[in-house]
Amino acid sequence: MASYDDDRRAEARVKRAHKYFVEGDLAAAERELRQAIRFDPDRGDWRYNLAMVLEMDGRPVEAHPEFVAAANALPSHIESVLGAGRCAAAQVRHEECLDWMQRAVKLDSKCESAHACIITALGMMDRDEEAEQAYFIAQHYLERYPFCLSAMGELLVKRGKLERAAWCFREAVQQNPSGPGLKTRLAEILQANGDNARAAKVFLQALRDHPGNEQTLLGYGSALLALGRAREAAEKYRRVVELNPANTRAHLMLAQIAVEAGRNEEARGEFAIAISLGDYPPGMRICSARCAIDCGDPLAAKAELEDELGRPDSAPRLTLLSKRPDAVLAASGVALECGAIGYALSLLGLAVHDDCTDGALLARLARAHFEAGDLAAGLRITRRHLKHDPGCAEALHNFALACVKMGRDRFALAALARARRECPSDREIKRLGRSLTVRAIRRGIVNLWRR
């Protein structure tokens, strides 16, 4: 049992912790509180203070047991119960969060944050009907419930009911016009529903309340861009860069605007900054490589894609990109154009699985193998392609080219004959056919002369 002097020292430490907390020195506040708790671990108020310090320091995992200890020591202290629920939610422990928030509602039926967390937790567990019931229960106890409306709106977004979600956020804004993030979220939902004009107006309202909010500026910029107001959008993205030079998305959007305006050198500069920041989407290096090619620098484009392929996390990034056939075709096209054959083969190898019947992807993979000098692999993929689409002129043309390189002119002529029937006006097929015919005639003349 602690002595009187120990109690005095512990109390003094708690007072110093409060002073440090007010000054913003969270590390010193934590240190003093931990020392105080050593003397009396059952002091719920001290455990709560330590939990708050840890939560404010962005450490919900460490804060959670302190909130639990505080709630157990002070069963009627609702803030400890709410803290335990918040930290459980931060660790994706929704069942536990639900238990704590239901306990909070029993302590205070008018605690809106607890009602809102119950709705969110039930929604995260796909118990949508119960979440709606919880929303109506909250209405019974509360006159104003903007956070419950927000939670219900997010649930409706998850279910794809964007119009109803927008209504919820509009009501939330009416009930709490200065609510953090409510106007911005309403604008994002309007934008997702295709209503860019109204979204732009709401983003502007949100900016008037919080002029330096990066998320709002980014959303407003995308809405303006969708409305064809590229110059104004660029101003918003530049403002984001002024506030936070390390905002990758702002640099990418400025690069996209520059590309669409034909300012490729400017776009390359923005892409270079985004790449240097490290946190960029998988397809961005393709856009940067495309810019380099358009600027007449294919070697730089090739280096871009080789660097991307050399990243430690290149496999998951390529896998993510390979899920979209249109993106695969665009990316592999750029890679082949600048000679980054390894990148093209890696990406196409992930996209073309064993049961793939996409003719465009198969043709592109065959071409990549041919350009890599692997004629056998190219022929194998081309035969597979022709099984699914026997009349594909591109596949027949590729097959003929491979046969020519392997010295099998008879197979090449047969493939070209089929290709001509499918595309009689294709210039490349005609050119290759004439070349093979001339070569066959010359061989016949040489053979005759030798006789």
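Just so it is clear, the structure is predicted and the values come from calculations on it, not from any experiment.
Looking at T120, its side chain does come within 3.5 Å of a backbone N or O of A116 through a donor-acceptor pair. Looking only at distances, no side-chain donor or acceptor of H251 sits under 3.5 Å from a matching main-chain atom of A246. Here the side chain of E32 pairs no donor or acceptor atom with the backbone of A28 at under 3.5 angstrom. Judged by distance alone, the side chain of E265 and the main-chain N or O of C295 form no donor-acceptor pair under 3.5 Å. For T184 (side chain) and G181 (main-chain N/O), no donor-acceptor pair under 3.5 Å exists by modelled atom type. Using modelled atom types, one side-chain atom of T319 and one backbone atom of A315 make a donor-acceptor pair closer than 3.5 Å.
Looking only at side-chain heavy atoms (C-beta outward), E337 and P298 stay at 4.5 Å or farther from each other. Two residues are said to be in side-chain contact when any heavy atoms from C-beta on lie closer than 4.5 Å; V157 and E188 fail this criterion. Looking at heavy atoms from C-beta onward, L98 lies out of side-chain contact with E130 at the 4.5 angstrom threshold. You'll find the side chain of R185 reaches within 4.5 Å of the side chain of E154, heavy atoms only. By the 4.5 Å heavy-atom criterion applied to side chains, L243 and L217 are counted as neighbours. Between L190 and N196 the shortest side-chain heavy-atom distance does not fall below 4.5 Å. With a 4.5 Å cut-off on side-chain heavy atoms, R47 and P65 do not count as touching. Looking at heavy atoms from C-beta onward, H64 lies in side-chain contact with E96 at the 4.5 angstrom threshold.
Remark: E23 CD is packed, more than 12 non-hydrogen atoms of other residues, nucleotides or ligands lying under 6.0 Å away. In this structure, R324 places its CZ atom where only 12 or fewer heavy-atom neighbours from other residues, nucleotides or ligands lie under 6.0 Å away. Shown here is M125, whose CE atom has more than 12 heavy atoms of other residues, nucleotides or ligands within 6.0 Å. Surrounding CD of E163 are at most 12 heavy atoms belonging to other residues, nucleotides or ligands under 6.0 Å away.
With rounding to the nearest 0.5 Å, the separation of CG in D297 from SG in C291 is 11.5 Å. Here the straight-line distance linking atom CG of L277 with atom OG1 of T248 works out to 4.5 Å at 0.5 Å rounding. H115 NE2 to M101 CE: the interatomic distance, rounded to the nearest 0.5 Å, is 11.5 Å. Summarising the geometry, atom OG belonging to S288 is positioned 10.0 Å from atom CD belonging to E308; distances are rounded to the nearest 0.5 Å. To the nearest 0.5 Å, atoms CZ (F203) and CD (Q215) are separated by 8.0 Å. Rounded to the nearest 0.5 Å, atoms CD (Q256) and CG (L225) are 5.5 Å apart.
Of all heavy-atom pairs between C97 and A89, the closest is SG-CB, 3.8 Å. When all heavy atoms of A84 and V68 are compared, the closest pair comes out as CB-CG2, 4.2 Å. Closest non-hydrogen pair, R311 versus G278, comes out as NH1-O, 3.5 Å. Across all their heavy atoms, I341 and A372 have their closest contact at CG2-CB, 3.6 Å. Residues L362 and I381 approach most closely at O-CG2, 3.3 Å, considering heavy atoms. Contact between E55 and C87 at its shortest, heavy atoms only, is OE2-SG, 4.3 Å.
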Q: May I have the step-by-step check of side chain to side chain contact (heavy atoms under 4.5 Å, CB included) for R285 and F271, ending in yes or no?
A: CA-CA 8 Å; R285 294 296 277 266; F271 279 130; over 6 Å; no
(Q) Walk me through whether L33 and F21 qualify under side chain to side chain contact (heavy atoms under 4.5 Å, CB included). (A) CA-CA 11 Å; L33 284 167; F21 180 80; over 6 Å; no
Q: Evaluate the criterion side chain to side chain contact (heavy atoms under 4.5 Å, CB included) for residue pair E235 and L224; output intermediate values, then yes/no.
A: CA-CA 10 Å; E235 290 174 3; L224 291 170; over 6 Å; no
Q) Would E30 and R59 satisfy side chain to side chain contact (heavy atoms under 4.5 Å, CB included), going step by step from the backbone distance to the final call? A) CA-CA 12 Å; E30 177 191 351; R59 295 150 65 188; 2.9 Å; yes
Q) How far apart are the C-alpha atoms of D126 and K158, what are their side-chain angles, what is the distance that settles it, and do they pass the salt bridge (charged side-chain N to carboxylate O under 4.0 Å, His left out) test? A) CA-CA 10 Å; D126 295 324; K158 189 188 78 168; 3.1 Å; yes
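Ring-plane geometry between Y135 and Y145 is classed as perpendicular, the angle between the planes exceeding 60 degrees on a 0 to 90 degree scale with a lower cut at 30.
For the residue pair Y343 / E304, no side-chain donor-acceptor distance below 3.5 Å is found, with atom types taken as modelled.
The existence of a salt bridge linking R103 and D99 is excluded, since no basic side-chain nitrogen approaches an acidic carboxylate oxygen closer than 4.0 Å.
Because its NZ or CZ atom is both nearer than 6.0 Å to the ring centre of Y280 and within 45° of the ring axis, R317 counts as a cation-pi partner of that residue.
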